[in-house]
Structures are given as structure tokens and as C-alpha cells.
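Read the structure below first, then the notes.
Chain A is the first sequence line, chain B the second, and so forth, proteins listed ahead of strands; every chain is numbered from 1. Fair warning: this is a prediction, and the values are worked out from it, not measured in the lab.
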There are 2 protein chains.
Amino acid sequence: MTISDPQSRPRGATLEEVAKVAGVSRATVSRVVNGSPRVSDDVRRSVETAVEQLGYIPNRAARSLVTRRSGSVAVVITEPTGRLFSDPFFPRLLRGISGGLSTRDLQLILLMPEGPADTERTATYLSAGHVDGILLVSLHGDDPLPDRISRAGIPFVVGGRPLRTSTASFVDIDNRGGARSAVEHLLAGGRRTIATIGGPADMSAGVDRLAGYREALADAALPADPSLESAGDFTQESGSAAMERLLATRPDVDAVFAASDLMAAGAMAVLEAAGRRIPQDVAVVGYDDSPVASTVRPRLTSVRQPIEEMGHEMARLLVAAVEGSDPVQRRVILATELVRRASSAGRRVP
Amino acid sequence: MTISDPQSRPRGATLEEVAKVAGVSRATVSRVVNGSPRVSDDVRRSVETAVEQLGYIPNRAARSLVTRRSGSVAVVITEPTGRLFSDPFFPRLLRGISGGLSTRDLQLILLMPEGPADTERTATYLSAGHVDGILLVSLHGDDPLPDRISRAGIPFVVGGRPLRTSTASFVDIDNRGGARSAVEHLLAGGRRTIATIGGPADMSAGVDRLAGYREALADAALPADPSLESAGDFTQESGSAAMERLLATRPDVDAVFAASDLMAAGAMAVLEAAGRRIPQDVAVVGYDDSPVASTVRPRLTSVRQPIEEMGHEMARLLVAAVEGSDPVQRRVILATELVRRASSAGRRVP
DNA sequence: CGCAAGCGTGAGAGCGCTCTCACAGAGGAC
DNA sequence: GTCCTCTGTGAGAGCGCTCTCACGCTTGCG
């Protein structure tokens with residue numbers, strides 16, 4: 001590491017200096033700064049004055065050294081490309097996390113490893129105890145990170161239900177319920193041949209949305225039918241491809257539930273090209289309520305997710321795990337909301 | 001701060017322990033770990049063996065305390081809402097920054113202040129010297145942050161050209177050139193009554209794209225015409241509103257250059273509702289090449305920006321400023337690329 | 001052969017903080 | 001008056017690291 005005369009920057013005041021100004025010992029200043037009750041009121045006041053006057057701000061490194069806490073938590077985003085670049089999921093989530101952390105004077109360290117070597121470096125960094133807690137986002141089934149960091153004993157919270165059963169706390173959005181509500185809405189509109197374009201089978205969001213779709217059909221006493229199920233990877237292209245496959249085998253389809261808005265948009269383009277009218281011939285429902293949903297024509301009915309809330313809740317759980325010695329696993333499931341638009345208008349009852 | 005028995009986690013090895021195992025002094029281990037050349041080869045090897053064997057990882061807090069460097073840089077995103085939630089700009093930028101930092105063992109601390117009180121806390125935190133450098137993103141004209149941190153003497157780099165002249169280094173995308181290329185493309189397609197829907201006047205991206213539009217018209221010897229200029233805030237709704245105003249005053253418009261894809265999408269919906277065919281009657285070009293551009297029908301011609309590159313370059317500049325004592329201002333402008341799609345197909349020459 | 005110069009290494013100080021322990025003084029019980 | 005408890009404060013150690021300085025050894029030169 002090159003050291004470039006960092007002394008040139010104005011040094012902040014130290015505890016020692018505050019103590020001198022206030023006419024007390026370093027220990028007393030420390031007590032005041034950290035809110036210990038064992039300080040008399042007049043001493044407290046004079047220390048506070050000195051702190052104010054000198055613009056004293058505690059040195060985090062020195063504090064860390066003795067407390068063995070870093071005052072920071074890591075957010076790890078291990079998304080190859082897909083979702084990261086296609087919808088505003090992560091900014092919203094990060095904003096929620098940031099908001100949830102800001103009350104606690106915990107810094108948010110963002111890690112976005114690219115490739116296996118980088119992931120390895122990230123794992124090493126995290127295991128080294130440089131952070132007090134970890135938020136894991138967008139986990140895929142085979143991610144080695146949860147094992148690594150739980151072996152290192154660092155508290156962590158997962159965003160999205162982990163596919164492999166685990167003792168980690170997590171916050172998830174009710175993917176199953178969201179998918180159900182979408183399909184129930186299609187059923188209520190008089191649709192009976194409802195296809196789905198699912199997400200990746202190695203992500204809980206993909207798996208659970210498919211499960212919700214099947215549940216809703218089962219509840220309506222409609223048989224499960226593999227020929228109505230197709231899968232994509234949340235991207236528009238994969239949605240188009242899936243829709244083409246569906247149309248080839250099931251030209252009688254009268255509704256499609258896509259597990260992402262982008263896939264829904266891809267499907268809509270294919271349907272249109274095939275001469276199907278939306279929603280008259282085929283109703284379409286998406287997932288995410290992303291900007292795309294209000295951009296496509298007809299506008300897309302979609303399942304809206306409380307993403308900021310999810311981030312906020314993840315931060316809350318992590319803070320609790322870091323501060324408390326309470327090792328209880330918590331699972332928080334947040335509800336979704338169906339936003340009805342033109343793409344799924346019900347059939348006119350003749 | 002509540003201290004919750006952090007000792008329960010396995011402590012890592014210290015320099016002292018490595019020194020004992022390797023049979024050398026603490027100082028020598030430090031030299032090896034920090035790559036000093038003043039160590040003989042055999043001593044170096046035995047130290048490296050000991051480091052390996054003990055799984056030694058330097059304690060950042062202890063190092064920070066003496067070097068007065070934190071080993072981290074802050075990325076500050078001060079975006080109220082608009083762009084943050086509408087397109088994948090920030091994830092891409094963050095990925096680029098993260099990649100640019102990863103070679104340097106610098107951690108990325110993400111700050112997303114919400115509201116004035118939070119901004120104040122952020123400013124205090126940054127000025128306190130808890131980070132070695134700062135990346136400022138999406139600055140608006142009246143942001144107090146640049147002044148605050150430059151007074152505190154912390155190196156920083158701005159993403160996007162600062163509106164107020166400043167001595168800070170910045171990385172920008174060639175908004176002016178991008179807008180020019182869009183308008184030149186429309187001119188080349190035979191359009192002559194070209195309107196624009198600009199961005200906010202307090203952001204350089206808004207200002208510069210408008211300037212590029214005007215330049216291209218001037219170069220083609222077309223007169224500047226305020227009635228062809230309307231403005232939005234980058235959102236779809238604002239694009240629709242602006243298009244309605246334009247149609248009301250200039251029904252003869254035959255092309256529109258919008259300063260964002262979302263505004264372009266909003267404009268397209270209004271044009272369609274007004275019975276204008278795209279691109280036959282009115283050609284449309286957007287900006288950002290966001291997912292929306294390939295979702296709308298007809299697909300939207302748009303200006304693609306090298307966003308990851310921008311993040312990468314910002315990181316490079318900041319690293320140079322942090323490591324070097326070289327205080328030279330640098331301005332980096334990255335080129336754009338026009339992605340031609342159906343929305344701006346040229347008129348058939350009769 | 002003497003001496004300066006250079007190289008590799010170790011000893012030790014000290015970065016700014018927290019926290020344990022000791023202690024002075026006040027107050028109460030006997 | 002003695003003993004005890006309790007409260008507020010200070011002294012001092014020490015967290016793990018870097019960096020300066022000193023020192024012994026090897027070279028090279030006159």
C-alpha cells in the first residue's frame with residue numbers, strides 16, 4: 001500500500017484533547033460519548049461542551065480495534081447479470097437496507113463479486129471478520145457463501161428464501177401468494193387454459209411462483225398440465241422463446257402468467273406477432289410491477305412487491321442478530337399486491 | 001453501542017503469532033505482508049509459510065489506526081427518487097465502480113441519504129475522514145456535498161459533469177455528443193421539424209443533451225425554435241405531458257428526440273393516441289438504451305451509454321487521487337453509441 | 001587492513017480508543 | 001466511631017499494527 005502523506009489532511013480532535021479541555025480524564029470522556037449512566041450531570045455537560053467546541057468525532061478504527069466490532073455490515077449481491085441490469089430491484093432494495101441501517105450508525109459495505117475468483121476473495125474477506133454482519137441477496141442454489149460465513153460465525157440474513165434448508169434468518173416476498181393472486185385473477189376473468197412462464201429453477205423466486213401458479217389451478221379444480229408450463233430466466237428474450245414454445249404445443253391457451261414483467265413483455269410481442277389479441281384472446285399477467293409494465297401496450301397487470309420494505313426488514317433482522325445474542329431463526333414473509341391493468345381484462349360475459 | 005460478546009467468534013491470528021511461528025520479529029512479518037523489498041528470500045518464504053499455516057489476515061482496524069487510511073471509499077447517491085427507481089443505471093454504475101476498486105483492496109461504502117437531516121449526517125461522516133475518498137453520483141446543482149468535502153480535504157470524483165464550475169475531477173458521458181448523434185440521425189432520415197423533450201435544467205445530463213440537440217440543428221442550418229423544446233424530469237409521465245404540450249403548439253412536428261427512454265415511451269403513447277404513426281408520421285429517438293427501448297412497439301432507437309465504463313473510470317481516477325499526491329483535475333468524457341431501431345426509420349424517399 | 005556504505009533485521013514507541021480495576025468520598029447501619 | 005456499600009472518577013493496560021531508529025553484518029574501495 002502506498003502511503004501518500006495522509007497527515008496533510010486536518011486531524012480531528014482526540015479523546016485526550018477533549019479530556020484536557022473538559023478538565024477530566026480520557027475514561028470519563030469515553031463514558032460520556034458512549035452514553036454511560038455513571039457520570040454526574042455537571043461533568044457530562046462540560047464534556048459535551050468540549051466535544052462540541054473541538055468538533056470531536058470518535059476514530060472508528062481505534063474503537064474497532066478494542067471493541068472487535070467494525071461498525072459495518074456487508075451487502076453481497078451475487079447476480080451474474082440478468083436481473084441486475086433489467087429492473088430497478090437492487091436500487092430499491094439497497095435504499096431499504098440503507099434506511100434500515102441508518103438509525104444504527106452501521107455502514108453499508110457493498111460487495112458485487114464478479115466471477116469465481118472474486119467470489120473467493122469476497123468469502124475470505126467476509127470470513128475474516130471485517131464486518132459485523134452480512135446481508136445475502138439473490139442467492140442461487142449452489143452459492144457457497146452461506147456455508148462459509150456461517151462456519152466463520154458471522155451473523156447473516158438472506159434476502160429471498162434460501163433453496164437449501166438452512167438455519168439462517170431470511171426475509172422473503174410472498175412469491176407463492178403473489179403468483180396465486182395473479183392466477184386467481186385470471187380465473188376470475190373467465191380464463192381456463194392458463195399457461196405460465198416460470199423463472200429459473202435454482203432460485204426460490206422461480207420455484208415459489210411456479211408453486212403458487214399450480215396451487216391456484218388446483219384450488220379451481222383444474223388439472224396440472226406440464227404442457228402449459230414453460231420456463232425462462234426472467235429476461236425478455238427468454239419470455240419470447242417460452243411463449244413460442246407454448247404456442248406451438250398449446251395454441252388453445254387463453255391466459256399467461258409470467259414470473260417477470262420482462263418475460264411478460266417478451267411473451268406479448270410473440271402473441272401479437274401470432275395475431276392474438278391481448279386481452280381478448282389471451283390475457284397476460286406479469287410480476288414485479290416494473291416500469292416496463294406501464295410502458296407496454298396494453299398495459300400489463302402485474303404483482304407489485306414491497307422491495308424497500310424487504311430491505312428495511314433485512315436490515316432490522318441483521319441489526320437484531322448483531323446486537324443481541326439471540327440466535328433464533330426468523331422468517332419474515334411480506335405480502336404482495338396485484339396491480340390490475342388492461343392486459344388481463346376479463347372476458348365479456350356474452 | 002451494545003457489545004454482545006464478540007469474543008465468541010474465533011479470533012484470527014495476529015502478526016505476533018505469525019512472527020513467533022516464523023521465528024522472526026513482528027516488523028519483518030509486517031514487511032513481508034506489505035511487500036517490502038528489504039527482506040531476504042529465505043526469510044520471506046518462511047514468513048509466507050507461517051502466514052499460510054495460521055491463515056493470517058491483517059486486522060484492518062489496527063492498520064487503519066496507524067496508517068490513517070481507512071481502506072474504504074464512499075459512493076454517495078443523492079437521488080430523490082426518479083432515476084433511481086426507473087432504470088438500471090445505478091446497478092450498472094455500482095458494478096463498474098466495484099470492479100474498478102477490487103484490484104486495490106478498497107472497500108465500497110454505499111451512502112444513500114434520504115432527506116436533509118440524513119444528508120447532513122452523511123456530510124459529517126464524510127468530513128470526519130472515515131473514508132479515503134468519495135465518489136459523488138447524480139449531483140444536482142444545489143448539492144452542498146462537494147463544498148463540504150473539498151473543504152475537509154478528502155479526495156473525490158464526480159460522476160457526471162458538475163453544473164457549477166469546480167476543480168473536482170469528473171467522469172461524464174458525452175451527453176452533448178450523444179444528443180447530437182441522435183438528432184443528426186433524425187436529420188439524415190429526412191426529418192426537418194424535430195422537437196425535443198429535455199431533462200431537468202438542474203442536471204448536467206439535462207442541460208447537455210439539450211445543447212447537443214441545438215447544436216445539431218444549428219449545424220444543419222435549421223433555426224432554433226423554442227416552441228419545439230419541451231422539458232420533463234426523465235419519467236414517463238413527464239414525457240407524456242411534454243408531448244401533449246408539443247402537439248398542441250406544433251402539430252407539424254415530424255420527429256422527437258427525448259432525453260430518456262421513459263420520456264420517449266410516454267411520448268409514443270401520446271403520439272399513438274393522437275393518431276400519429278411511428279415512425280411514418282413522427283420519428284422518435286430516446287436516450288439510455290434501457291430495457292424499455294426494446295419493449296415498446298415500435299422498438300425505440302436510443303443512445304447507449306457506457307455506464308459500467310463510467311463507474312470503472314471513476315474508481316480509477318479516485319484511486320489515483322487517493323494514492324498519488326497528484327492534485328491535477330481530470331475530466332474524462334466517454335463516448336456514446338446510437339442504437340438504431342424501428343422508431344426512427346427514415347422516410348421513404350418517394 | 002581500515003573505513004564507509006549498504007543491507008537485512010529487531011526493539012520499541014505509539015496510533016486513539018475501551019474497559020478493568022483501584023480509590024476517594026458520601027451515606028447508612030450498627 | 002467502625003464498617004460496609006455505593007457512586008463517580010482516574011490510572012493504566014492493551015487491542016494489532018506500522019514505522020523509525022539502531023545495530024550487526026557484508027561489501028567495496030583506497
Value in whole Å for how far the [atom2] atom of [N] lies from [atom1] of [X]:
| X | N | atom1 | atom2 | answer |
| --- | --- | --- | --- | --- |
| B:Arg69 | D:dC19 | CZ | C1' | 15 Å |
| A:Glu16 | D:dG12 | CD | P | 12 Å |
| A:Arg68 | C:dC19 | CZ | C1' | 13 Å |
| B:Arg63 | D:dT18 | CZ | C1' | 9 Å |
| A:Tyr56 | C:dG16 | OH | C1' | 7 Å |
| A:Arg60 | C:dC17 | CZ | P | 13 Å |

task: With rounding to the nearest 0.5 Å, note down the distance linking CD1 in A:Ile134 to CG in A:Leu145.
output: 7.0 Å

Short N-O contact, [X] and [Y], less than 4.0 angstrom:
| X | Y | value |
| --- | --- | --- |
| B:Asp105 | B:Arg60 | yes |
| A:Glu323 | A:Arg69 | no |
| B:Glu48 | B:Arg45 | no |
| B:Arg121 | B:Glu114 | no |
| B:Arg95 | B:Glu308 | no |
| A:Lys20 | A:Glu17 | no |

Tabulated below should be each protein N or O lying under 3.5 Å from an N or O of nucleotides 8-11 of chain D; please produce it.
residue : atom : partner : partner atom : Å
D:dT9   : OP1  : A:Ser40 : OG           : 2.8
D:dT9   : OP2  : A:Ser40 : N            : 2.9
D:dT9   : OP2  : A:Ser40 : OG           : 3.4
D:dG10  : OP2  : A:Ser25 : N            : 2.8
D:dG10  : OP2  : A:Ser25 : OG           : 3.0
D:dG10  : OP2  : A:Thr28 : OG1          : 2.7
D:dG10  : N7   : A:Arg31 : NH2          : 2.9

message: Here's a test for you: under side chain to side chain contact (heavy atoms under 4.5 Å, CB included), which of A:Leu136, A:Leu101, A:Leu135 qualifies with A:Val75?
response: A:Leu135

query: Taking OP1 and OP2 of C:dC17, is either one under 4.0 Å from a side-chain nitrogen or oxygen of A:Ser30?
result: no

- request: Look at A:Asn59 and C:dC15 and indicate whether a side-chain polar atom (N or O) is within less than 4.0 Å of OP1 or OP2.
  value: no

query: Taking all atoms of both residues into account, what is the closest heavy-atom pair of B:Pro113 and B:Asp118, and its distance?
result: CA-OD2, 3.3 Å

task: Measure the angle between the two terminal helix axes of the helix from C:dC1-D:dG30 to C:dC30-D:dG1, five base pairs each, and quote it to 10°.
output: 50°

- line: Of D:dT18, C:dC15, D:dC17, the nucleotide closest to the side chain of B:Leu65 is C:dC15

